[in-house]
Amino acid sequence: MINKQNLWFLTLFSLILVLSVYYITMPNDLLKDAVNKEVTIDEKKKDTKSTIEEASSLVAMRVSLEEERQSVMSELQKQLTDEEISSEEKNNAYEKLKYLNEVQGKEEELEKKIKKEQKLDCFVKMDNSNVSVVCVANKHDNTVANNIMRLIQKESKDKLYITVKFQKS
């Protein structure tokens with residue numbers, strides 16, 4: 001029979017394995033593009049005024065959010081491996097990790113749907129019932145914003161507070 005300690009070990013090992021596979025298979029082009037664009041922008045600053053490209057601002061937002069979530073996840077993983085913490089606190093930490101993974105998946109799914117249906121590059125950030133969307137577009141269109149809000153609300157059973165912002169490309 002499996003005792004609690006073995007069950008926790010298997011659960012944590014499975015979570016770490018899934019996250020490792022995710023990060024290994026994640027395209028490195030996103031980070032390389034951001035670094036390359038920063039270097040070229042720094043070089044352009046010497047001679048002329050630089051402008052931020054549309055994709056680089058979205059990549060910067062994604063990288064920032066990823067770093068923030070990664071630090072939270074590492075803290076939660078430390079709690080899970082700490083022997084002095086009660087099993088209830090470990091359960092809470094595990095549930096938070098599970099929730100963060102679900103939110104990350106939903107954000108990526110929504111970005112893909114918006115790109116497919118509205119033909120816009122965008123960044124989606126979910127925080128409980130708040131959803132922030134940043135789209136790259138030359139004009140601020142209320143009908144597009146409403147369509148995006150309907151698309152996001154249709155994907156959720158709960159009432160969401162959705163904000164849509166447009167950035168010029």
Side-chain angles (χ1 to χ4, degrees), residues 1-38 55-118 120-136 145 147-165 167:
M1 179 158 198
I2 297 177
N3 60 19
K4 287 183 180 181
Q5 187 176 12
N6 288 342
L7 182 63
W8 272 109
F9 174 76
L10 289 174
T11 304
L12 290 175
F13 182 74
S14 301
L15 180 65
I16 291 171
L17 182 65
V18 168
L19 289 174
S20 300
V21 169
Y22 172 76
Y23 286 113
I24 289 171
T25 59
M26 189 171 89
N28 291 332
D29 297 339
L30 296 176
L31 296 175
K32 288 179 183 175
D33 288 344
V35 171
N36 289 340
K37 288 178 183 175
E38 287 177 357
S56 66
S57 63
L58 295 179
V59 169
M61 286 186 237
R62 286 186 186 109
V63 169
S64 173
L65 180 63
E66 184 66 29
E67 287 175 352
E68 178 183 320
R69 286 209 177 126
Q70 189 61 34
S71 67
V72 170
M73 290 174 110
S74 66
E75 284 297 319
L76 291 171
Q77 287 174 348
K78 284 180 186 176
Q79 288 180 6
L80 289 174
T81 58
D82 190 359
E83 294 177 3
E84 298 175 2
I85 292 180
S86 69
S87 62
E88 183 177 328
E89 291 173 325
K90 287 183 180 184
N91 281 336
N92 290 338
Y94 175 74
E95 290 299 321
K96 288 177 185 175
L97 269 174
K98 186 175 160 185
Y99 172 75
L100 286 174
N101 284 327
E102 289 174 4
V103 166
Q104 192 170 10
K106 286 179 186 177
E107 289 172 346
E108 291 173 6
E109 181 182 331
L110 289 172
E111 286 177 7
K112 287 178 185 175
K113 284 189 177 191
I114 292 170
K115 187 168 187 166
K116 180 181 175 186
E117 292 184 19
Q118 299 296 322
L120 290 173
D121 286 330
C122 66
F123 168 75
V124 177
K125 179 180 180 184
M126 297 180 78
D127 186 23
N128 296 326
S129 63
N130 296 325
V131 180
S132 300
V133 181
V134 178
C135 295
V136 176
N147 290 339
I148 291 171
M149 293 169 87
R150 284 189 193 107
L151 173 74
I152 293 171
Q153 189 61 56
K154 184 173 69 173
E155 295 295 317
S156 176
K157 297 173 186 169
D158 301 326
K159 175 72 175 157
L160 298 174
Y161 300 100
I162 306 165
T163 59
V164 178
K165 295 179 183 176
Q167 279 186 344

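Just so you know, these numbers come straight off a predicted model, no measurement behind them.
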Practice task
May I ask you to decide if Ala60's main-chain N or O and Ser64's side chain share a donor-acceptor pair within less than 3.5 Å?
Solution key: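 No, the answer is negative, given that no donor and acceptor are paired below the 3.5 Å cut-off.
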Between [atom1] of [X] and [atom2] of [Y], what distance do you get to the nearest 0.5 Å?
X	Y	atom1	atom2	answer
Ser86	Gln79	OG	CD	10.0 Å
Glu95	Glu102	CD	CD	8.5 Å
Leu15	Leu10	CG	CG	12.5 Å
Ser71	Glu66	OG	CD	10.0 Å
Lys98	Leu100	NZ	CG	12.5 Å
Lys4	Thr11	NZ	OG1	12.5 Å

Would you call [X] and [Y] a side-chain contact if the rule is heavy atoms closer than 4.5 Å?
X	Y	answer
Lys154	Lys113	no
Asn128	Tyr99	yes
Val133	Leu110	no
Val124	Lys106	no
Leu97	Leu80	yes

Handout entry: Member of Gln153, Met149, Met126, Glu155 meeting the side-chain contact (heavy atoms from CB on, under 4.5 Å) criterion with Val131
Key =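 Result for side-chain contact (heavy atoms from CB on, under 4.5 Å) with Val131: Met126.
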Taking all atoms of both residues into account, what is the closest heavy-atom pair of [X] and [Y], and its distance?
X	Y	value
Lys90	Glu83	NZ-CA, 4.3 Å
Cys135	Ile148	SG-CD1, 3.6 Å
Glu89	Ile85	OE1-CG2, 2.9 Å
Ile152	Leu160	CG2-CD1, 3.9 Å

Handout entry: Criterion side chain to side chain contact (heavy atoms under 4.5 Å, CB included) on Trp8 and Thr81, from CA distance to verdict
Key = CA-CA 9 Å; Trp8 272 109; Thr81 58; over 6 Å; no
Problem - Met61 vs Leu58, side chain to side chain contact (heavy atoms under 4.5 Å, CB included): CA-CA, chis, key distance, verdict - result: CA-CA 5 Å; Met61 286 186 237; Leu58 295 179; 4.0 Å; yes
Problem - Heavy atoms of other groups near Phe9 CZ, more than 12 under 6.0 Å - result: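 For Phe9, atom CZ is not crowded (no more than 12 foreign heavy atoms under 6.0 Å).
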Exercise for the section: Dump the intermediate steps for side chain to side chain contact (heavy atoms under 4.5 Å, CB included) on Val72 and Leu76, then the final yes or no. Expected result: CA-CA 6 Å; Val72 170; Leu76 291 171; 4.1 Å; yes
Practice task
Could you tell me whether Glu117 and Arg150 have a side-chain N and a carboxylate O separated by less than 4.0 Å?
Solution key: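 No salt bridge links Glu117 with Arg150.
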Handout entry: Full working for side chain to side chain contact (heavy atoms under 4.5 Å, CB included) between Val103 and Glu107
Key = CA-CA 6 Å; Val103 166; Glu107 289 172 346; 3.7 Å; yes
